[in-house]
Amino acid sequence: MSEKLEAALRHAIDLERKTRTPAENLAEERSESLRLVHELLHETEKKHFRDALEFMPCAVVAIENNGTIFAANTAAIKLLHITAEIELLNSNWSSWVVGDYENDIRGLREGQELILPIKCADGKLTTVGLSARSTQFQHRTSTILVLRDLSEQRRHEDALHYQATHDGLTDLPNRVLLLDRINHAIPRASRGHENIALFFIDLDKFKFINDSLGHNAGDQVLCEVARRLQQLAREGDTVARLGGDEFVVACERINKTDIERVGSRLIAALDAPFEIHGNQHYLGGSVGVAVYPEHGEDTELLLKRADIAMYEAKASGGSNLCRFSLDMQKNIDMRLEMEAHLRNGLLNNELVLHYQPQVDFKTGTLVSLEALVRWNSPQYGLLSPEKFLPLAEESNLINALDNFVLEQACTQIVKWHQKGLGWVRVAINLAATKFTLPSFEFELRDCLKHHGIPSGYLELEVTESLSMGDPNAALELMYKIKNMGVQLAIDDFGTGYSNLGYLKRFPADRLKIDQSFVRGLLKNPQDRTIIAAVIQLAHNLNMRAIAEGVETEEEAIQLFALNVDEIQGYWLSRPEPPHIIEQLLVKATLLEPAKFMRGEEIPRVLLVEDDIVAMEIMIFLLESLGVRVVCADSAERAMELFHQSEFTMAIIDHWLPGENGITLLSRIKQMMPHTVRVLVTSSNDPQVLRDAINIGGVSHFLTKPIDPDTLKQVVMKACWHNLAKRRSSTT
Ligand code: C2E
Ligand code: MG
Ligand code: MG
């Protein structure tokens, strides 16, 4: 073989190797390959030509003008599933091709490829890409056919097509295939005057499974749902998964009267328990149905309307079937309109914050304000969050809304500070999604820095459900925020699905007991038990317990007795705009126990003190704590008073004219053992203290000058707390 020929062959081989890869722009390379074979035919003798063909890694067949095959290489033999060239020689090329492609082959131009089916010797069909070039060989016009086996590529393409049209987890058709099938079904149904029903299914408590039991459990449920739906489907129905926990069952040729029945079966299938890790879980599903041609004549519209009906089913409690109606469409249109207004409202400052006080139960002082957003809409009037927050969440406006609230709240904190009202802590509510954004940490830091607010004056309220979403990521972010000094509260506690394991890792400062429990406090002993347990839990986790939605004095008394730390609710104040709140900020306390204890039960304190100045100071301090004070300047007078009425507490000075305080206390102990006994002494002689306890039965000591905070603590505990406890145990 000449050097030139050898080089040409090597080049041809390289090219052909490349053509075996499923690349698409091979036309040029293929024609190069053909050109080389063509050159060979000219340059070589027949024998050399055959040798050279063998070098070609792709199948090559040489035919005469009438189609008779006169040469083929081993690759062609393999491709056509024969054992030797002899089986091929003298046969007509057209006998291998399925269909009449003669003219197409003749018309093939350089660089073009024709895809055609070939019937192999064993009867199997395969697909080849064929390129052709006519040439002169030994003074005869011949055609060289280069064949590319496309069966592998086809398989590959088929696999890709399958992937593109099926759901990877359940193997069900996906949205693409579903739409395609409905597109084809509609003309059939139109010709036959038939109905197609699209059942749109969304699982009701899937998020719970995913969040609490993990994604593997979620996947298990989805596969089981797919299996159940397929079991229910008739032949010709399509069961598809659109993504997440959304499925569609499309039924052709369905009678209108059967729609309810099919829907009920679907619901029953989803109502049945799902077994996960050996436990049974009940999920249920909401099903919406839209019917061709009644509810729409094109696929997208039908699917959209089935989805709308599903939403309606979900809104009415889930686990039921809803048929699409035009009213539903109207509602959707109204929602879209409202969404557009809300979007504008956010830009036009139509959102305002009202503030509701949170009060420390022990001191009565306002410790914090919760910022609650309202929408002052020109179109709809003043709206409470429940009217627009769900919409904001669905339309991804919630992030912008929360940013706005953060900014507004910080601006207000600074305004109050500038007005001389001091730094007031404000709590803002955040949507769960905020804690999935790592950038939130920086936004928060920038915001506090920009406004110059000490970080402890901002609190973020987070709902329990958030904590369960992606707990580890949320926790990490919470720790960073906590390290900044920002306070954290867990909102609406008890309404979500609490994971106590995560709860103990939460760096929260407060636990807000949901108002639904407070509402049941007076009627339902279980609610009382739950609140008591939650308060205990909060305290054990080093959090303060705050009760939301306190509306009545009775509720306050009960909560006081249960040792809740803070309260919030209409009983103290409704959420109000900043100028009203300012009137509360100037008050030292918002809550005196006397304000909510019945007059006749106001605790009576006997104060025995011979020093007039000390007595007046004490009277002032005690009355500010809401108790009724009765005074005596000697032990003798004190005993007279004791004979006349009962006292919740006796505060006795150590040094009295005549009889000393300890002796007086021991007499009171005998006469009125329930009276809480307090000795005022500046002595730290251990003997005096021992006598006071052992002889006088003293439970608290006070030293002169009296510290108002210590006095407050003693009085609160001895008087109000005991009283509330007594009252709550008799109700
Ligand atoms: P929440 O955080 O639990 O807020 C307490 C809700 O209870 C407020 O309703 C408040 O007005 C109401 N409330 C307070 N005291 C009482 C009471 O004594 N009785 C009754 N029946 N209700 C009381 P509001 O303002 O309608 O807010 C509802 C929910 O909307 C809030 O519940 C919170 O989850 C959310 N929210 C409010 N503002 C925002 C905000 O700026 N951003 C976000 N993401 N959510 C907010
Ligand atoms: Mg809140
Ligand atoms: Mg709440």
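Order of listing sets the numbers, starting from 1, for every ligand and every atom in it. Computed from a predicted structure; not experimentally measured.
The protein heavy atom nearest to atom 5 (C) of ligand 1 is E548 OE1, 3.9 Å. In terms of protein heavy-atom proximity, atom 3 (O) of ligand 1 is nearest to D492 OD1, 2.9 Å. With hydrogens left out, the protein atom closest to atom 16 (C) of ligand 1 is Y570 CE2, 3.2 Å, a heavy atom. Summary of contacts: the protein heavy atom closest to atom 11 (O) of ligand 1 is P575 CG, 3.3 Å. The shortest contact between atom 21 (N) of ligand 1 and any protein heavy atom is with E551 OE2, 3.0 Å. The protein non-hydrogen atom at the shortest distance from atom 10 (C) of ligand 1 is L372 CD1, 3.7 Å.
Close approach to Q356 involves these atoms of ligand 1, each under 4.0 Å from a residue heavy atom: 14 (C), 15 (N). Atoms of ligand 1 lying under 4.0 Å from at least one heavy atom of A431, given by number and element, are 44 (N). Per-residue contacts place L389 under 4.0 angstrom from the following atoms of ligand 1 (heavy atoms of the residue considered): 30 (O), 35 (C), 36 (N), 45 (N), 46 (C). Contact atoms of ligand 1 toward G549: 15 (N), 16 (C), 17 (C), 18 (O) (distance under 4.0 Å to a heavy atom of the residue).
Not a single protein heavy atom sits closer than 4.0 Å to atom 32 (O) of ligand 1.
E370 contributes atom OE2 as its closest N/O/S atom to the Mg ion (ligand 2).
Using a 4.0 Å cutoff on heavy atoms, I428 does not count as a contact of ligand 1. Within the structure, the closest approach of R374 to ligand 1 falls below 4.0 Å when heavy atoms are considered. Contact annotation: E461 has at least one heavy atom less than 4.0 Å from an atom of ligand 1.
Under 4.0 angstrom from ligand 1, there are no non-hydrogen atoms of Q568.
Nearest-residue assignment for atom 28 (C) of ligand 1 (options A427, P385, A432, A392; heavy-atom criterion): P385. With distances taken over non-hydrogen atoms, the option nearest atom 13 (N) of ligand 1 out of E370, H354, Q515 is Q515. Taking each of N399, L406, N429, L383 in turn, the one with a heavy atom nearest to atom 43 (C) of ligand 1 proves to be N429. Nearest to atom 1 (P) of ligand 1 by heavy atom, out of D491, L572, V405, is D491. Across the listed options V373, V550, D402, V462, D402 owns the non-hydrogen atom lying nearest to atom 42 (N) of ligand 1.
A salt bridge between E623 and R628 is absent, with no side-chain N of the basic residue lying under 4.0 Å from a carboxylate O of the acidic one. E582 has no carboxylate O lying under 4.0 Å from a charged side-chain N of K587, or vice versa, which leaves the two without a salt bridge.
Of the possible polar contacts, one joining the R519 side chain to the G549 backbone as a donor-acceptor pair under 3.5 Å is found. Here the side chain of D167 pairs no donor or acceptor atom with the backbone of R241 at under 3.5 angstrom. At least one donor-acceptor pair closer than 3.5 Å links the side chain of T363 to the backbone N or O of T365. In this structure, the side chain of D565 engages the main chain of A545 through a donor-acceptor pair within 3.5 Å. Judged purely by atom type and a 3.5 angstrom limit, D514 uses its side chain to pair as donor or acceptor with the backbone of S516. In this structure a side-chain-to-backbone donor-acceptor pair under 3.5 Å is missing from D527 to V518. Distance alone, capped at 3.5 Å, is enough to place a donor-acceptor pair between the Q356 side chain and the S573 backbone.
Here the two rings, on Y355 and W416, have centers that are under 6.0 Å apart.
A pairwise comparison of heavy atoms in I531 and L521 identifies CD1-CD1, 3.7 Å as the closest pair. In plain terms, the two heavy atoms of M310 and S286 that are nearest each other are CG-O, 3.5 Å. When all heavy atoms are compared, the tightest approach of L372 to P575 is CD1-CG, 3.7 Å.
Centred on the Mg ion (ligand 3), the angle running from D491 (OD1) to E548 (OE2) is recorded as 90°, rounding to 10°.
The Mg ion (ligand 2) has no N, O or S atom of D492 under 2.8 Å away, backbone or side chain. For the Mg ion (ligand 2), the set of nearby N, O or S atoms under 2.8 Å includes none belonging to T463. When distances to the Mg ion (ligand 3) are checked against a cut-off of 2.8 Å, E461 contributes no N, O or S atom below that limit.
Within 6.0 Å of NZ in K314 there are more than 12 heavy atoms belonging to other residues, nucleotides or ligands.
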Tell me, with the steps shown, if D245 and K207 meet salt bridge (Lys or Arg N to Asp or Glu O under 4.0 Å). CA-CA 9 Å; D245 58 348; K207 192 169 157 25; over 6 Å; no
